[in-house]
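Note on naming: letters A, B, ... go to the chains in the order of the sequence lines (proteins, then strands), and numbering restarts at 1 for each one.
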2 protein chains.
Amino acid sequence: MKKPMDCISLPSKSTEERIREAAKRVFLEKGFDGATSRDIADAAGINIALTNYYFRSKEKLFINIFEEMVQLFFNGMVDIMNKPISLREKIAELIEHDFQLMKANPTLSLFVMNEIHRNPERMANCIGLMKQVHHSMFEEQLQQEVSQGTVRPISAMHLMPMIFCNIQFLFIGKTMHMKMWQMSDTGFDEFADGHKQLVIDMITNYLFEFEKV
Amino acid sequence: MKKPMDCISLPSKSTEERIREAAKRVFLEKGFDGATSRDIADAAGINIALTNYYFRSKEKLFINIFEEMVQLFFNGMVDIMNKPISLREKIAELIEHDFQLMKANPTLSLFVMNEIHRNPERMANCIGLMKQVHHSMFEEQLQQEVSQGTVRPISAMHLMPMIFCNIQFLFIGKTMHMKMWQMSDTGFDEFADGHKQLVIDMITNYLFEFEKV
DNA sequence: CAACAATTTAAACATTTGTTTAAAAAAACC
DNA sequence: GGTTTTTTTAAACAAATGTTTAAATTGTTG
């Protein structure tokens, strides 16, 4: 009777994609609880019933968006972690990438953290991604350099949050920081850009400049 | 006719406080959008109508809790910033305090960040608190030491997020970190405790150990 | 064109939501 | 003890929410 997409007839990609894009915007801004089906339909400029016609429920639509966001969150990170470059370069690239990601998606980190906290089960399908992070080249590369004595002894479990917390925290608390230091939107971007370099300096300085045995 | 508390008759503190405590738990866990009046009433073990009898609306009750949480978030921080101790001690104490605060209120940071982002106007009454942070002794103390050359040149605007991001990010992403590194709850606490010391080392090392002019 | 399937719409559905009402119960007061 | 005020309750309210229905429209195919 009513199936949106079948084998041959290519689905009216435009409508389905319009819904996805609208849902992405609305969910990222308001979260699952704060977003209503009508919000999304309005943002997409379509009838409410269509959201459930293409995706079967608000929950399913959300999962769809959420998993894409988790991938966006982790994929670029994993790619860099597996690059054949020095640890020093890798850390700088990771922070630079994090900055670009947050600049392009200022609410991504807060959204992911929040939704994972509110409903950890939804993360089930994303555990594979996180394992990719865990089992990337980064961890062994770090331990190798540690045992060589070229880098300060530290585990990846401690180093990784150090790398990502700085930029992400800036954007997680963007509204707060802007109010506290009376920054404009462009002022914040400049601030974050400067901060990025400080963070790279601090972390690499900490890791590589120390009293070697 | 019906005013809960008047000048003389002390309000049945027990009920009002039960509601506040329940609301605190529920709001911190689910956020404003995710929490329902019935959730709170159930958690407090009272009739739904009582939440609006003591506080006039869900919004008013939330503001009440939210502002307390923002104070909890900033007050201890400001106290330490105004202490007459060295910058080095101050930074260590700030991080230590942040850790204790997060340990006692694991969802506080995520809650505050999230609600500020969702509805920045609610922060209106809290701007004074943030100004206290801005205009504490910390900022001039830092610049004084910078001009003395005893500390690496950096502004408070950059240093403060560096101090607070590490611990708070750990707790903001607690669920994620636990899943990623397969930690138990106590495992996480130990991890965070160890992390705290690394962060103190990294920041003080960065600030105080550098090529002095 | 006719017949069928896919898409879109307006309207309604049952729940849930925040809030209010009016009466009952408890407490305070003289 | 009787009266008044304060607190608590059950029930209801309108509005909002996720979802479904059935008809209308559009598109496709023989």
**Complete:** On DNA chain C, more 5' by nearest nucleotide between A/Arg38 and A/Leu50 is A/Leu50

**Message:** Does B/Ser57 reach a base, just sugar-phosphate, or nothing at all? Heavy atoms under 4.0 Å.
**Reply:** sugar-phosphate

**Prompt:** When all nucleic acid strands are considered with a 4.0 Å heavy-atom cut-off, which category describes B/Ala35: base, sugar-phosphate, or nothing?
**Reply:** sugar-phosphate

**Asked** Nearest of D/dT20, C/dT19, D/dG18 to any side-chain atom of B/Ser37?
**Response** C/dT19

**Prompt:** If you check every side-chain atom of A/Thr36, which of C/dT7, D/dT9, D/dT17 has the closest atom?
**Reply:** D/dT17

Tell me the interatomic distance from [X], atom [atom1], to [N], atom [atom2], rounded to whole angstroms.
X: A/Ile46; N: C/dT9; atom1: CD1; atom2: P; value: 8 Å
X: B/Phe62; N: C/dG18; atom1: CZ; atom2: C1'; value: 16 Å
X: A/Asn52; N: D/dT21; atom1: CG; atom2: P; value: 11 Å
X: A/Glu17; N: C/dT7; atom1: CD; atom2: C1'; value: 17 Å
X: B/Phe55; N: D/dT8; atom1: CZ; atom2: P; value: 12 Å
X: A/Asp42; N: C/dT9; atom1: CG; atom2: C1'; value: 14 Å

Strictly below 4.0 Å: does [X] bring a side-chain N or O up to OP1 or OP2 of [N]?
X: B/Thr15; N: D/dT8; value: yes
X: B/Asn47; N: D/dA10; value: yes
X: B/Tyr53; N: D/dT9; value: no

How are the rings of [X] and [Y] set relative to one another: parallel (under 30°), tilted (30 to 60°) or perpendicular (over 60°)?
X: B/Phe27; Y: B/Phe32; answer: parallel
X: A/His158; Y: B/His195; answer: parallel
X: B/Phe66; Y: B/Phe62; answer: parallel

**Asked** Nearest 0.5 Å, what's the CE-CD distance between B/Met113 and B/Gln168?
**Response** 5.0 Å

**Prompt:** Any side-chain heavy atom of A/Thr51 within less than 4.5 Å of one from A/Ile46?
**Reply:** yes

